[in-house]
Enquirer: 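Could you have a look at this structure, given as structure tokens, before my questions?
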Amino acid sequence: MIPAEFNYHAPTTLDEALSLLDQFGDEAKLLAGGHSLIPALKLRLSSTGHLIDLGRVSGLSYIREDGGRLCIGARATHYEVESSALLRQKCPLLAECAGYIGDVQVRNRGTMGGSLAHADPAADYPAAILALEAEIQTVKSGSKRNIKAGDFFVDMLTTALEPGEILTEVRVAPLTAKTGCVYLKVLQPASGFAVVGVAVVVTLDAKGQCAKVRVGVTGAASKAFRAYDTEKALTGKTPDANTIAQAALQVINGIETSGDIFASAEYRAHLAQVYARRALAKAVERAAL
Ligand SMILES: Cc1cc2nc3c(=O)[nH]c(=O)nc-3n(C[C@H](O)[C@H](O)[C@H](O)COP(=O)(O)OP(=O)(O)OC[C@H]3O[C@@H](n4cnc5c(N)ncnc54)[C@H](O)[C@@H]3O)c2cc1C
């Protein structure tokens, strides 16, 4: 349980962190809350020659509204997301999702940027980030990128982040009128990680029909995904119980669900359908309020 030796760096600015990444290349890893990386280093599932701690880098821990978007700095902790009055009012899905992560210690140290960059297939945020069609901003020496959430999660523990790139900010649109959102999950009792988690954002039109439906699913497969068939099955329809139930059955269309010691692939597929149905019904109920 002792990591292999590494050099520790504590930059205080983003530029300094970027130049350390440039200097040490593949030999370097970024450290945020440490709640995924430190256990991996201790178990020697991962190793690094140079650990670059983002903890003292100023200007990455904010949650604010800017240019019509809600902007969350990469180092905002799960607790800060959960308790943000701005997010609770304008994008309650992120706050609800953060409140479901791990336990108090994990939520106090773990960060949104670290969680997204780590891309654990059982992490909670990816479902919400996909359903919200968020944008992920990154910086690398000399360049900046905006990555759409749909392009960000590539595979298990693999994202679109390039070597030397730092995730700096997540941007989402505030929810519009007649929009309801929810995150529901079946959790592993020991860690809290999602066996299956479903995030839904639904907007109703003046007739009470679904104008827009977005469904993100985590835990069920090697990476989080959007359930496009479910979304299509509900769009333009009146979301009664039967229509929702039929749409929810399509949530794992085209997806190879994963099995492990916590749940078989078949059971995960079943849970995804059941939780999609419940989440859709709840989001519609909230949208109608
Ligand atoms: C007991 C326990 C229970 C947990 N339960 C849950 C749960 O229920 N749900 C859930 O979603 N998660 C859970 N987690 C994981 C937790 O949310 C972690 O905090 C999160 O996965 C990683 O965030 P971090 O800030 O700790 O990142 P770190 O562990 O510091 O880093 C994780 C990875 O991201 C990279 N990284 C970090 N920041 C950046 C950045 N800004 N740019 C680019 N790369 C970066 C690091 O190099 C590393 O590879 C749990 C963890 C523990 C220990």
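Quick caveat, the model's predicted, so the values are computed rather than measured. Remember, it's 1-based here, ligands and their atoms both numbered in the order they're listed.
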Enquirer: Salt bridge or not between Glu82 and Arg107? Use side-chain N to carboxylate O under 4.0 Å.
Expert: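 Yes.
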Enquirer: Tell me which protein heavy atom sits closest to atom 7 (C) of ligand 1, plus the residue, atom name and distance to 0.1 Å.
Expert: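 Here the closest protein heavy atom is Gly102 N, 3.3 Å.
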Enquirer: Under 3.5 Å, is there a donor-acceptor pair between the Tyr8 and His50 side chains?
Expert: no
Enquirer: Does at least one non-hydrogen atom of Glu169 fall below 4.0 angstrom from an atom of ligand 1?
Expert: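 No.
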Enquirer: Judged by modelled atom types alone, do Thr138 and Glu165 share a side-chain donor-acceptor pair under 3.5 Å?
Expert: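 On atom types as modelled, these side chains qualify, holding a pair under 3.5 Å.
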Enquirer: Mark up the atoms of ligand 1 that fall under 4.0 Å of a heavy atom belonging to Gly110, in ascending order.
Expert: 19 (O), 25 (O), 26 (O)
Enquirer: Going only through I, L, V, M, F, W and Y residues with side-chain contacts under 4.5 Å, is there a path from Leu86 to Val170?
Expert: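 Hydrophobic grouping puts Leu86 with Val170.
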Enquirer: Nearest protein heavy atom to atom 26 (O) of ligand 1, by residue and atom, and its distance?
Expert: His35 N, 2.7 Å
Enquirer: Please verify whether a non-hydrogen atom of Gly34 lies at under 4.0 Å from ligand 1.
Expert: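 The answer is yes: ligand 1 sits under 4.0 Å from a heavy atom of Gly34.
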Enquirer: Side chains of residues 110-117: which donor-acceptor partners sit under 3.5 Å, not counting sequence neighbours?
Expert:
{"from": "Thr111", "atom 1": "OG1", "to": "Gly114", "atom 2": "N", "distance (Å)": "2.9"}

Enquirer: Might you work through the side chain to side chain contact (heavy atoms under 4.5 Å, CB included) test for Asn108 and Val104, ending with a clear yes or no?
Expert: CA-CA 6 Å; Asn108 270 327; Val104 175; 3.5 Å; yes
Enquirer: Could Glu133 and Lys212 be called an ion pair, given the rule that one side-chain N must be under 4.0 Å from one carboxylate O?
Expert: yes
Enquirer: What part of Lys185, side chain, backbone, both or neither, has a heavy atom within less than 4.0 angstrom of ligand 1?
Expert: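 Looking at Lys185 and ligand 1, just side chain atoms fall under 4.0 Å.
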Enquirer: Verify the distance criterion only: is there a donor paired with an acceptor across the side chains of Ser84 and Glu80 at less than 3.5 Å?
Expert: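 Distance-only check fails for Ser84 and Glu80.
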Enquirer: Can you name the atoms of ligand 1, numbered from 1 with element, that are less than 4.0 Å from a heavy atom of Gly33?
Expert: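 Going through ligand 1 atom by atom, the ones under 4.0 Å from Gly33 are 24 (P), 25 (O), 26 (O), 27 (O), 30 (O).
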Enquirer: Considering heavy atoms of the protein only, find what lies nearest to atom 15 (C) of ligand 1 and give residue, atom and distance to 0.1 Å.
Expert: Phe193 CZ, 3.5 Å
Enquirer: Below 4.0 angstrom from a heavy atom of Ser36, which ligand 1 atoms are there? Numbered from 1 as shown, please.
Expert: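 Taking each heavy atom of Ser36 in turn, ligand 1 has 15 (C), 18 (C), 20 (C), 21 (O), 22 (C), 26 (O), 29 (O) under 4.0 Å.
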Enquirer: If the cut-off is 4.0 Å to any non-hydrogen atom of Gly192, which atoms of ligand 1 fall inside it?
Expert: 7 (C), 8 (O)
Enquirer: Does Leu187 approach ligand 1 within less than 4.0 angstrom via side chain, backbone, both or neither, non-hydrogen atoms only?
Expert: neither
Enquirer: Considering only non-hydrogen protein atoms, determine which one is nearest to atom 38 (N) of ligand 1 and report residue, atom name and distance to 0.1 Å.
Expert: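 The answer is Ala32 CB, 3.5 Å.
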Enquirer: Considering only the protein, which heavy-atom contact is closest to atom 36 (N) of ligand 1, and what is its distance?
Expert: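 For atom 36 (N) of ligand 1, the nearest protein heavy atom is Ala117 CB, 3.7 Å.
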Enquirer: Between Arg268 and Asp260, does any side-chain N to carboxylate O distance fall below 4.0 Å?
Expert: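 Here Arg268 pairs with Asp260 in a salt bridge, since their nearest N and O are under 4.0 Å apart.
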Enquirer: Can you find a non-hydrogen atom of Asp120 under 4.0 Å from ligand 1?
Expert: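 Judged by the 4.0 Å heavy-atom criterion, Asp120 does not count as contacting ligand 1.
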Enquirer: I'd like a table of donor-acceptor pairs (distance under 3.5 Å, sequence neighbours excluded) in which one partner is a side-chain atom from residues 57-72, with atom names and distances.
Expert:
{"from": "Tyr62", "atom 1": "OH", "to": "Glu169", "atom 2": "OE1", "distance (Å)": "2.4"}
{"from": "Glu65", "atom 1": "OE1", "to": "Lys90", "atom 2": "NZ", "distance (Å)": "2.9"}
{"from": "Glu65", "atom 1": "OE2", "to": "Lys90", "atom 2": "NZ", "distance (Å)": "3.3"}

Enquirer: By number and element, which atoms of ligand 1 are closer than 4.0 Å to a non-hydrogen atom of Ile166?
Expert: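 Those atoms are 41 (N), 42 (N).
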Enquirer: For ligand 1, is there an N or O atom under 3.5 Å from any N or O atom of Ala123?
Expert: no
Enquirer: Side chain, backbone, both or neither: which part of Val106 has a heavy atom under 4.0 Å from ligand 1?
Expert: side chain
Enquirer: Is a salt bridge present between Asp205 and Lys178, judged by a nitrogen-to-oxygen distance below 4.0 Å?
Expert: no
Enquirer: Specify the protein heavy atom at minimum distance from atom 42 (N) of ligand 1: its residue, its atom name, and the distance to 0.1 Å.
Expert: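 Checked against all protein heavy atoms, atom 42 (N) of ligand 1 sits closest to Leu167 N, 2.9 Å.
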Enquirer: Would you say the side chains of Ser19 and Asp22 form a donor-acceptor pair under 3.5 Å?
Expert: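 No - no donor-acceptor pair under 3.5 Å links their side chains.
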Enquirer: To check your reading of the model: name the closest protein heavy atom to atom 48 (C) of ligand 1, its residue, and the distance in Å.
Expert: Leu30 O, 4.0 Å
Enquirer: Any idea which protein heavy atom is nearest atom 32 (C) of ligand 1, and the distance to it?
Expert: Gly114 O, 3.7 Å
Enquirer: May I ask you to identify, for His78, whether its side chain, its backbone, both or neither come under 4.0 Å of ligand 1 on a heavy-atom basis?
Expert: side chain
